[in-house]
Enquirer: 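The structure is given below, and queries will be raised subsequently.
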There are 2 protein chains.
Amino acid sequence: MTKNKNATPTPTLSDSKVKLGDVARKAGVSPATVSRVLNHPEIVSPELRERVSRAVTALAYTRDSAGRALKSRRTRTLGVVVPTLGISIFAEGVEAMQNRLSEHGYTLLIANSQYEARRELQEVASLLEHGVDGLALVGDAQLPETHQLIRQHGVPYLTTYVATARDEVQAIGIDNEGAAASMARYLLELGHRHFGIIANLPESNDRSMSRYLGIRAALAEADVPLPHSHVISMSQTLQHGRQGLRQLIQSNPEITAVMCTTDTLAIGALAEARSLGLKVPQHISITGFDDIELASQFDPPLTTISVPANEIGRAAADHLVNAAAGVRIPVITTLPHRLIVRGSTGPAPGLVRRPKLHRTAE
Amino acid sequence: MTKNKNATPTPTLSDSKVKLGDVARKAGVSPATVSRVLNHPEIVSPELRERVSRAVTALAYTRDSAGRALKSRRTRTLGVVVPTLGISIFAEGVEAMQNRLSEHGYTLLIANSQYEARRELQEVASLLEHGVDGLALVGDAQLPETHQLIRQHGVPYLTTYVATARDEVQAIGIDNEGAAASMARYLLELGHRHFGIIANLPESNDRSMSRYLGIRAALAEADVPLPHSHVISMSQTLQHGRQGLRQLIQSNPEITAVMCTTDTLAIGALAEARSLGLKVPQHISITGFDDIELASQFDPPLTTISVPANEIGRAAADHLVNAAAGVRIPVITTLPHRLIVRGSTGPAPGLVRRPKLHRTAE
DNA sequence: TTGTAAGCGTTATCAA
DNA sequence: TTGATAACGCTTACAA
């Protein structure tokens, strides 16, 4: 019994893949006609179309993508490289992209760079070798070689989650700098003058960097200083958000507003504030960026900026599918973000008691 | 200027892809030799190997995967269908799988089913058409057609996040039922006799179902009843976790322990308990399942079961790569899980005051 | 509208 | 160890 199972090499599986020629024979037409029915049904007479369709279903025929790709020079496959799927806005964007692609008969090859530009290059190379018809990247911190390689291959590509990119690369995303600046201005209006920043600033995270620069610019415009000691770079985990807040507050007790470049950091900070006995927003205001699911559910709910990850993914998919088909459509670069005010921010404490003190102290 | 840019069809790109023959010519060898150097370098003389390698790098040659796939009948591509990337254990598993695959020169085609079996079938079909060399699914609730289709194609596949599957499908995962039962037993030991359950029980989520059944079994064994009204099915969001807890407690104030089939539900429940003024774990114990990042960071930290998503992803990758290469390695079915006791669980309240009352009341 | 035939880029068989 | 040669399954001029 068991022997039987192992002895026969591959008997159980219908080993002989049914191919286009088989369908043609069954339908009594030429292979070309079958191909036409499959790809351009409108140019085949209804009668034959019908006969072929029947043969296709009867034999449960599916096209072999290898032969197809070889001849047509298109794999119906797109690639994406994100920093990590562990960050929910990337998971969401990839999923949205995949869903849209699936409607077009495309499939998505996925890779992750772990925020390392060199790794990103490798993954891009691998994707390209696998013959993707297009590529989506994240951000604007690629190695020059990465762009060079993609252009060499002549496949369409774009970058996402940012609104602008260097070097004529198309981008679909939000204005990170502007959004962060608007958040800073909102806090300034609430009377805050002593800011702390927890940012995720590895070399290849230009989104966090832009957000940080946006904050800097807004504060500078309002003549509010931001000492070096008020800026802490942390990798993007709840744990590090906690740690960041602790360091910030312990060394700079005068801080009344802590701006984080991602919600994960902000929620860590929120949790740590509670542990330290700080009331949010009475004692301290905390802001995030991304508007992840948890942001609205946390206690207190987090004031943050929403990033339209779904739209980004969909738009990237649409653009690349079109571009792969040779259609040059203009890219809608800047998607709108929203400043969402929730319970984690409020007026600066002590503003009533010492109205202009802090301001003049600078 | 702009005209110039559009007028020339494809001039800027180095349009002529360099192919194997070009390398052969450049190196002064036959195409076959180039292919050998690329695929089986050990059977080529060092001298030629060197010459070919130089030509490869000089021309920046990369193999065309279409031609390669056509001839070798392998695409070096694997497929995975998860319910959604929005659940972190799936995002983590997929990422781990991709990372491992990337080491082997494979790439991962990704799709998501949104917890719908029919959608899963479609995505599998699409992946198969794209010529994947192997497939990873999640759970044990596929349509029969799905298995049939995959087997027809003769590609190796397995299912993940569960330890056993029907119909001789290989599985890599944890014993969901056993883990949930052990959690229930732990709560029983703490004196809890009135349980509530918040479970994500759509038709095609057999993991949550197994967890639920595990709890049922453990309670039955201890002669602790679980009325219908104590079981609430909710889709997997924080919001629904909140709602579930509210319903449960309002209709059944005697409940002292709420078991959720995922951490997301549990953290929602935790948040709602706080809103309702219920102290955790003094008034009520709450447990989760998955051990997502937030579980340890929430206040109170969540008692839960850890699911080794990374190991699952890696093991799936290893197995499929081997299987695709024709190596039949045995699958390590059951990966260990851990019961992680944190602050969200404690002794049943009122146990001292009314020791056996509840028990006999049943 | 349909059929014939060539060939996409690679690998693998066979001889040398 | 290397080279010629024949596919792999499909699409698409071109011819009918």
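Here the structure is a predicted model, which is why all the values come from computation and not from measurement. In what follows, every chain begins at residue 1, and chains take the letters A, B, ... in the order their sequences are listed.
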Enquirer: Mind checking side chain to side chain contact (heavy atoms under 4.5 Å, CB included) for A/Lys26 and listing every partner two or more places apart, or none if nothing turns up?
Expert: A/Ala55, A/Ala58, A/Leu59
Enquirer: Which pairs pass salt bridge (Lys or Arg N to Asp or Glu O under 4.0 Å) with one or both residues in residues 129-143 of chain B, sequence neighbours excluded?
Expert: B/Asp140-B/Arg166
Enquirer: How would you list, by chain and number, every residue that makes a side chain to side chain contact (heavy atoms under 4.5 Å, CB included) with A/Glu47, sequence neighbours excluded?
Expert: A/Ser45, A/Arg51
Enquirer: According to side-chain hydrogen bond (donor to acceptor under 3.5 Å, both in side chains), who are the partners of B/Glu50, at least two apart in sequence or on a separate chain?
Expert: B/Arg54
Enquirer: Taking ring pair (Phe, Tyr, Trp, His ring centres under 6.0 Å) as the definition, give me every residue that meets it alongside B/Phe90, ordered by chain and number, with sequence neighbours left out.
Expert: B/Tyr161
Enquirer: Listed by chain and number, what are the side-chain hydrogen bond (donor to acceptor under 3.5 Å, both in side chains) partners of B/Ser72, not counting sequence neighbours?
Expert: B/Arg76
Enquirer: Tell me which donor-acceptor pairs under 3.5 Å the side chains of residues 317-325 of chain B have, and how far apart each pair is, sequence neighbours excluded?
Expert:
unit_1: B/Asp318; atom_1: OD1; unit_2: B/Arg100; atom_2: NE; d: 3.0
unit_1: B/Asp318; atom_1: OD2; unit_2: B/Arg100; atom_2: NH2; d: 3.0
unit_1: B/Asn322; atom_1: ND2; unit_2: B/Asp318; atom_2: O; d: 3.0

Enquirer: State which residues pass side chain to side chain contact (heavy atoms under 4.5 Å, CB included) with B/Asn99; sequence neighbours excluded, sorted by chain then number.
Expert: A/Asn112, A/Gln114, A/Arg119, B/Glu95
Enquirer: Partners of A/Arg25 by side chain to side chain contact (heavy atoms under 4.5 Å, CB included), sequence neighbours excluded?
Expert: A/Asp22
Enquirer: Return whichever of B/Leu70 or B/Arg51 has its heavy-atom-nearest nucleotide of DNA chain D closer to the 5' end.
Expert: B/Arg51
Enquirer: Taking any atom under 4.0 angstrom from a heavy atom of chain B, which nucleotides of DNA chain D are the first and last to qualify, 5' to 3'?
Expert: D/dT1 to D/dG9
Enquirer: Five pairs per end, C1' atoms only: what is the angle between the end axes of the helix from C/dT1-D/dA16 to C/dA16-D/dT1, to 10 degrees?
Expert: 30°
Enquirer: Are A/His130 and B/Ser65 close enough, and set up right, to give a side-chain hydrogen bond (donor to acceptor under 3.5 Å, both in side chains), and what steps lead you there?
Expert: CA-CA 5 Å; A/His130 278 276; B/Ser65 68; 5.3 Å; no
Enquirer: Under 3.5 Å, which protein N or O atoms sit close to an N or O of nucleotides 10-13 of chain C? Give each pair with its distance.
Expert:
unit_1: C/dT10; atom_1: OP1; unit_2: B/Tyr61; atom_2: OH; d: 2.3
unit_1: C/dT10; atom_1: OP1; unit_2: B/Asp64; atom_2: N; d: 3.2
unit_1: C/dT10; atom_1: OP2; unit_2: B/Leu20; atom_2: N; d: 2.5
unit_1: C/dT11; atom_1: OP1; unit_2: B/Asn39; atom_2: ND2; d: 3.0
unit_1: C/dT11; atom_1: OP1; unit_2: B/Arg68; atom_2: NE; d: 3.2
unit_1: C/dT11; atom_1: OP2; unit_2: B/Ser35; atom_2: OG; d: 2.8
unit_1: C/dT13; atom_1: O4; unit_2: B/Arg36; atom_2: NH2; d: 3.4

